[in-house]
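Notes follow once the structure below has been shown.
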Amino acid sequence: MSQLMIDKTEEFVKEKLKNDSSGHDWYHIYRVKKLAESIAEQEGADYFICVMAALLHDIADEKIAGSEEKGVQEVKQWLESLSVENEYITHILNIISTMSFKGGIQSGMNSLEGKVVQDADRLDAIGAIGIGRTFAYSGAKGQLMYDPEIPVREKMTKDEYRNEKSTAINHFYEKLLKLKDTMNTSYAKKLADERHAFLESFLDQFFSEWEGEK
């Protein structure tokens with residue numbers, strides 16, 4: 001598999017996501033790709049599969065494509081247009097179809113490459129970048145920053161996770177703070193520790209300011 005395929009895919013994804021303002025823009029993809037490269041190198045995973053899955057994972061996301069089925073089909077057609085071998089297409093599609101959080105309801109990744117790409121995507125959801133993306137996404141969805149009268153949801157279906165009323169701060173408890181313990185690879189676990197600590201520090205500061213204590 002060639003670097004030219006990767007370069008063409010970068011151009012394709014950049015064009016598709018360049019105007020996204022929900023935190024799923026091209027630069028999110030760029031960061032996930034860089035993280036996937038680093039983790040793949042540390043863990044000995046297949047570089048091409050990790051990079052291509054990282055680049056294409058949000059093209060197949062229902063938040064972008066409208067439905068998961070439509071998105072997966074678009075990714076499949078793109079890979080076929082590049083003449084990517086069928087076994088690689090199958091592996092990449094399997095990764096991007098199973099890596100999403102979806103309210104915390106999912107099975108484990110069944111390949112090392114899947115674990116690498118899922119870890120890379122989840123690392124970009126925590127830390128300083130994760131905080132920024134959370135508020136961007138909440139604003140794009142018309143959600144409030146915080147409302148103490150809207151309870152944190154403990155268990156959710158995928159539809160409830162996507163569509164029920166929530167807030168940016170609730171999202172920390174419903175997803176972000178859970179991600180550290182879902183990391184698959186040893187290298188990602190190390191990276192997640194610092195980012196998770198930053199989330200906790202931010203929340204401490206946020207609630208102190210919310211109560212007028214600082």
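- Hydrophobic clustering keeps Leu56 apart from Val32 (ILVMFWY residues linked when any side-chain heavy atoms are closer than 4.5 Å, directly or through intermediates).
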>> Using side-chain contact (heavy atoms from CB on, under 4.5 Å), reason through Leu176 and His171 one step at a time and then give a plain yes or no.
In response: CA-CA 7 Å; Leu176 306 192; His171 191 62; 3.9 Å; yes
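- When the side chains of ILVMFWY residues are joined at heavy-atom separations under 4.5 Å, either directly or via intervening members, Val51 and Ile49 end up in a single hydrophobic cluster.
- Linking Ile, Leu, Val, Met, Phe, Trp and Tyr residues whenever their side-chain heavy atoms come within less than 4.5 Å places Val75 and Trp26 in a single cluster.
- Across all non-hydrogen atoms, the minimal contact from Met183 to Ala192 is CG-CB, 3.9 Å.
- Within the 4.5 Å cutoff, the side chain of Arg153 has no heavy atoms near those of the Asn170 side chain.
- Side-chain contact check for Lys175 versus Leu179: some heavy-atom pair is nearer than 4.5 Å.
- With hydrophobic clusters built from ILVMFWY side chains whose heavy atoms lie under 4.5 angstrom apart, Ile89 shares a cluster with Val117.
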> Leu191 and Leu35: side-chain contact (heavy atoms from CB on, under 4.5 Å), yes or no, with the steps?
Replying inline: CA-CA 10 Å; Leu191 297 178; Leu35 284 164; 4.3 Å; yes
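- Checked against a 6.0 Å centroid threshold, the rings of Phe207 and Tyr146 count as neighbours.
- Using a 4.5 Å cut-off on side-chain heavy atoms (C-beta onward), Trp210 and Pro148 make contact.
- Remark: the Glu200 side chain and the His196 side chain contain an N/O donor-acceptor pair separated by less than 3.5 Å.
- Grouping the Ile, Leu, Val, Met, Phe, Trp and Tyr side chains by contacts below 4.5 angstrom, directly or via other members, places Phe48 with Phe12.
- The number of heavy-atom neighbours closer than 6.0 Å to OH of Tyr27, taken from other residues, nucleotides and ligands shown, is 12 or below.
- Neither side chain, Asp147 nor Thr167, offers a donor N or O lying under 3.5 Å from an acceptor on the other.
- Looking at every heavy atom in both residues, Ala45 comes nearest to Val116 through CB-CG2, 3.9 Å.
- In this structure, Tyr173 places its OH atom where more than 12 heavy-atom neighbours from other residues, nucleotides or ligands lie under 6.0 Å away.
- A donor-acceptor pair under 3.5 Å links the side-chain atoms of Asp119 to the main chain of Thr185, judged by distance alone.
- Using a 4.5 Å heavy-atom cutoff, the side chains of Phe172 and Ile131 are in contact.
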> Could you go step by step and tell me if Tyr30 and Asp124 meet the side-chain contact (heavy atoms from CB on, under 4.5 Å) rule?
Replying inline: CA-CA 10 Å; Tyr30 173 79; Asp124 203 57; over 6 Å; no
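- Between Trp78 and Ile59 the shortest side-chain heavy-atom distance does not fall below 4.5 Å.
- Looking at Glu80 and Lys76, a side-chain N of the basic residue comes within less than 4.0 Å of a carboxylate O on the acidic one, giving a salt bridge.
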> Glu74 and Lys16: salt bridge (charged side-chain N to carboxylate O under 4.0 Å, His left out), yes or no, with the steps?
Replying inline: CA-CA 12 Å; Glu74 184 174 6; Lys16 289 280 289 184; 2.8 Å; yes
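- For the pair Cys50 and Ala36, the tightest heavy-atom approach, listed with the atom from each and the gap, is O-CB, 4.3 Å.
- Between Ser97 and Val72, the shortest heavy-atom distance links the atoms OG-CG2, 3.6 Å.
- Using a 4.5 Å heavy-atom threshold, the side chains of Tyr88 and Asp46 count as touching.
- Sorted by first and then second residue, the side-chain hydrogen bond (donor to acceptor under 3.5 Å, both in side chains) pairs involving residues 186-195 (not counting sequence neighbours) are Glu43-Ser186.
- At a threshold of 4.5 Å between non-hydrogen side-chain atoms, the residues Ile29 and His57 count as touching.
- In this model, no donor atom of one side chain and acceptor atom of the other lie less than 3.5 Å apart for Ser166 and Gln143.
- Note on ring orientation: taking the six-membered ring where Trp is involved, the planes of Phe135 and Phe202 are perpendicular (angle over 60°, cut-offs 30° and 60°).
- Side-chain contact check for His91 versus Met52: every heavy-atom pair is 4.5 Å or farther apart.
- Side-chain polar atoms of His28 and Asp121 form a donor-acceptor pair below 3.5 angstrom.
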> Leu203 and Ile169: side-chain contact (heavy atoms from CB on, under 4.5 Å), yes or no, with the steps?
Replying inline: CA-CA 8 Å; Leu203 288 170; Ile169 291 297; 4.1 Å; yes
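- Remark: the backbone N or O of Thr134 is paired with a side-chain donor or acceptor of Ser138 at under 3.5 angstrom.
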>> Applying salt bridge (charged side-chain N to carboxylate O under 4.0 Å, His left out) to Lys33 and Glu37, what does each step give before you reach the verdict?
In response: CA-CA 6 Å; Lys33 171 183 175 277; Glu37 288 175 334; 3.1 Å; yes
